[in-house]
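Every value quoted in this text rests on a predicted model; they were computed, and no experiment measured them. All residue numbers refer to positions in the sequence shown, counting from 1. The basis for the numbers below is simple: all heavy atoms, side chains too, and nothing from hydrogens, waters or symmetry mates. Atoms within each ligand, like the ligands themselves, are counted from 1 in listed order.
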Amino acid sequence: MCGHPFHGIVVGDRECPRCVGLVPAYGEARTASLFSGPVRALVIGLKYHHGLHLLADCAALFRGAPHLLDHVRGARLVPVPLHPRKRRERGYNQSALLASELAREAGGETTVDSLLTRRIDTETQTAFDRERRRANLQNAFALAPGAPLRSSARHVLVDDVFTTGSTVNACARVLREAGVERVDVATLAHG
Ligand SMILES: [Zn+2]
């Protein structure tokens, strides 16, 4: 469910320890890489150091992850939105840029549709307690005004890093409540 990559051969049932306690509002999550080493540096450069030149490396990572390209091909990719204040500060939404790279690498009529908007800047709410933050995250996302919905199309939420899944879960819930039948998740890295 969480898409955490693992190595080796699975014999019998295997329960992913990172999926324990995860109640996904989406179907399946897949990721290109672990969030560690050079990939961690890549994500931090892209997000916090205006590293737009790093998108070429992200595209190369996607190219090296055929399971991820198969996962998204033909779907509507929906970037996890930034709060407008954050978007202005950064100048771009890295998840939207990653979605574009992913769509190009996957080909096959994969599109990027920014259907969601972020109403609450949850990252600035560190002073709130856990419960409050969780409640805020639930209400943080909404459909973008005039978002063209096609409920029968498969939608794949795109984010830079999958950590606990709470962000993509909140986004998936908005799409599901709007009538979208199938929502999956794709990320560059898994923390
Ligand atoms: Zn898992």
Review point. Heavy-atom distance under 4.5 Å between the side chains of V185 and R30, does that happen here?
Key: no

Review point. For D113, which residues count as a side-chain hydrogen bond (donor to acceptor under 3.5 Å, both in side chains) partner, sequence neighbours excluded?
Key: R76, T111

Check your understanding: Should V43 and L97 be regarded as members of a common hydrophobic cluster, given that ILVMFWY residues are connected when their side-chain heavy atoms come within less than 4.5 Å of each other, either directly or indirectly?
Key -> yes

**Study point:** Environment of the Zn ion (ligand 1) in terms of protein N/O/S atoms, cut-off under 2.8 Å
**Key:** C2 SG, C16 SG, C19 SG

Point to revise | Crowding at CZ, R40 (>12 non-hydrogen neighbours, <6.0 Å) | key: no

Practice item. Identify, with sequence neighbours excluded, every residue that meets side-chain hydrogen bond (donor to acceptor under 3.5 Å, both in side chains) alongside E109. Key: none

Point to revise | ring pair (Phe, Tyr, Trp, His ring centres under 6.0 Å) partners of residues 164-191, not counting sequence neighbours, each pair once | key: H4-H190, F162-H190

